[in-house]
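A short write-up of the structure that comes next.
Chain letters run A, B, ... following the sequence lines, proteins first, then strands; residues in each count from 1. Note that the coordinates shown come from a computational prediction; the quantities given were computed from them, not determined experimentally.
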4 protein chains.
Amino acid sequence: MVEEIITSTEEVNSSLLKSFVERIERLDEERVGLVEDIKSVYDEAKATGFDTKILRKVIAIKSMDKDKREEFETLLDLYLSALGE
Amino acid sequence: MVEEIITSTEEVNSSLLKSFVERIERLDEERVGLVEDIKSVYDEAKATGFDTKILRKVIAIKSMDKDKREEFETLLDLYLSALGE
Amino acid sequence: MVEEIITSTEEVNSSLLKSFVERIERLDEERVGLVEDIKSVYDEAKATGFDTKILRKVIAIKSMDKDKREEFETLLDLYLSALGE
Amino acid sequence: MVEEIITSTEEVNSSLLKSFVERIERLDEERVGLVEDIKSVYDEAKATGFDTKILRKVIAIKSMDKDKREEFETLLDLYLSALGE
DNA sequence: TCAGATAAAATCGCGC
DNA sequence: GCGCGATTTTATCTGA
């Protein structure tokens, strides 16, 4: 094959594969770094007196679609009342 | 401070809370961006003919190797410090 | 069925829900009991002179070995099935 | 030493250690079995039409102390109103 | 939509 | 008793 003068198909696949793996691993390191940064902000908030569990919930609620939130609450109430709670 | 006249300890420092929420939301947006970037690389790899399921598994195993090495180092350190007492 | 006359599709089947909740709660109690048993064994080991931190790490590494082997088997299966297509 | 006729201290420690490890691993297998059982019940509930996410929340709320639950809600509202949400 | 994999959040246990 | 790290549990996401 003509390509064999330069590289075999296997070699191409191999280096291509390595390239993908490296790109993914590098991006994932960055992602983990951000997760740590976020954790640091929560720690800072905690040190200032905020309750991080509530803070997490607040942020989750903000990011939640309003309709979805209400639907969730409604269903929750329905289940709880069915249990007599 | 002036605010202390009107802010009871039961109230939350609203502007401080807003600041924390904004910082977290911004970092989280970046994190989500990276998650999307990672997905794009997987898509690109798939388009080049790689099986993403296999690719994910390869990367998972590499990561487990790393974790395992680190765990073993930790165990060694523990043993050594236990012997040093 | 008679109940269908008075039960809309929007309502929940209360007795069925109760049954599921009870089954889950009972199984969870058993689970918590086992967690306590495990803790007792660690306490016993500690009283016999073993360092529980090291013991936990040893067991964690054994478990990781197992996971790693299984992951590798999965990867092999994936490769083989990919080649078989 | 007298014991050396039968076993060395190292052997005793070794078999004792093995015994602890085995007991813990066996109990943990049982624990994992129960976790799987619980998951099966959730699956069954899901197949019957229940929303497992809500179901989990319902069970969590039931197991929560009433005072704690109300305190949580109050603080959540406080944070949300501080953010003007 | 579903299971199975991955990531995030909450809880637990230890040491200071 | 409180923070910190490890574990467990919950939720999200991906691919079939």
Side-chain angles (χ1 to χ4, degrees), chain A residues 24 27-28 31-32 34-36 38-40 42-44 46-47 51-61 63-64 68 72, chain B residues 24 27-28 31-32 34-36 38-43 45-46 50-61 63-64 67 70-71 74-75 77-78 81 85, chain C residues 24 27-28 31-32 34-36 38-43 45-46 51-61 63-64 67 70-71 74-75 77-78 81-82 85, chain D residues 24 28 31-32 34-36 38-40 42-44 46-47 49 51-61 63-64 68 72:
Chain A
I24 290 167
L27 288 168
D28 197 61
R31 186 190 59 78
V32 171
L34 279 170
V35 169
E36 284 164 3
I38 291 169
K39 197 192 173 314
S40 300
Y42 275 112
D43 287 347
E44 194 183 331
K46 180 188 228 169
D51 181 317
T52 57
K53 191 176 167 185
I54 307 275
L55 190 47
R56 280 181 193 275
K57 190 64 71 184
V58 163
I59 288 172
I61 288 176
S63 80
M64 224 173 154
K68 270 237 150 63
F72 185 86
Chain B
I24 289 167
L27 288 168
D28 198 62
R31 187 190 58 79
V32 170
L34 279 170
V35 169
E36 284 164 3
I38 291 169
K39 196 190 173 322
S40 299
V41 181
Y42 275 112
D43 287 346
K46 184 183 215 168
F50 288 105
D51 182 319
T52 56
K53 201 168 177 181
I54 292 179
L55 190 48
R56 281 180 193 274
K57 202 52 86 178
V58 166
I59 289 174
I61 288 179
S63 167
M64 280 185 86
D67 288 351
E70 286 170 0
E71 283 285 276
T74 307
L75 180 59
D77 289 346
L78 280 176
S81 67
E85 277 167 32
Chain C
I24 289 167
L27 287 168
D28 197 62
R31 186 191 59 79
V32 170
L34 279 170
V35 169
E36 283 163 4
I38 291 170
K39 196 189 173 322
S40 300
V41 180
Y42 275 112
D43 287 345
K46 185 184 214 167
D51 182 319
T52 55
K53 200 169 177 180
I54 291 178
L55 191 49
R56 280 179 192 276
K57 202 53 85 178
V58 166
I59 288 174
I61 287 178
S63 168
M64 278 185 86
D67 287 351
E70 286 171 0
E71 283 284 278
T74 306
L75 180 59
D77 290 346
L78 279 177
S81 66
E85 279 168 31
Chain D
I24 290 166
D28 198 62
R31 186 191 59 79
V32 170
L34 279 170
V35 169
E36 283 164 4
I38 291 170
K39 200 193 170 313
S40 299
Y42 275 112
D43 287 347
E44 194 184 330
K46 180 189 227 170
D51 182 317
T52 57
K53 192 174 167 186
I54 307 275
L55 190 48
R56 280 180 194 278
K57 192 62 73 183
V58 162
I59 289 173
I61 287 175
S63 79
M64 223 172 155
K68 270 237 150 64
F72 185 86

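- Side-chain N/O atoms of B:R31 include one lying less than 4.0 angstrom from OP1 or OP2 on E:dA8.
- Mapping B:V35 and A:K46 onto DNA chain F by nearest heavy atom places A:K46 closer to the 5' end of the strand.
- Taking 4.0 Å as the cut-off between side-chain N and carboxylate O, B:K46 and B:D43 do not count as a salt-bridged pair.
- Atom CD1 of A:I24 is separated from atom P of F:dT14 by 13 Å (rounded to the nearest Å).
- Between A:Y42 and C:D51, the residue whose closest nucleotide on DNA chain E is further toward the 5' end is A:Y42.
- Within the 4.0 angstrom heavy-atom criterion, only backbone atoms of the sugar-phosphate kind lie near B:K39; the bases stay farther away.
- No donor-acceptor pair closer than 3.5 Å links the side chain of C:S63 to the backbone N or O of C:I59.
- The nearest whole Å value for the distance from the CG atom in D:L34 to the C1' atom in F:dT8 is 15 Å.
- Atoms CG (B:L27) and C1' (E:dA8) sit 16 Å apart, rounded to a whole Å.
- When distances run from any side-chain atom of B:R56 to the nucleotides F:dT8, F:dT10, F:dT14, the shortest one goes to F:dT14.
- At F:dG15, one or more side-chain N or O atoms of B:T52 fall inside 4.0 Å of OP1 or OP2 (strictly under the cut-off).
- Within the nucleic acid shown, C:K53 has no heavy atom closer than 4.0 Å to any nucleic acid atom.
- Note: C:D51 CG to C:K57 NZ = 11.5 Å, rounded to the nearest 0.5 Å.
- At whole-Å resolution of the value, CD in D:E44 and P in E:dA3 are 13 Å apart.
- Atoms CG (D:D43) and P (E:dT1) sit 16 Å apart, rounded to a whole Å.
- Per the geometry, CD1 belonging to B:I38 stands 18 Å off C1' belonging to F:dG15, to the nearest Å.
- Within the model, atoms CD1 of A:I61 and CZ of A:F72 stand 10.0 Å from one another, a figure rounded to the nearest 0.5 Å.
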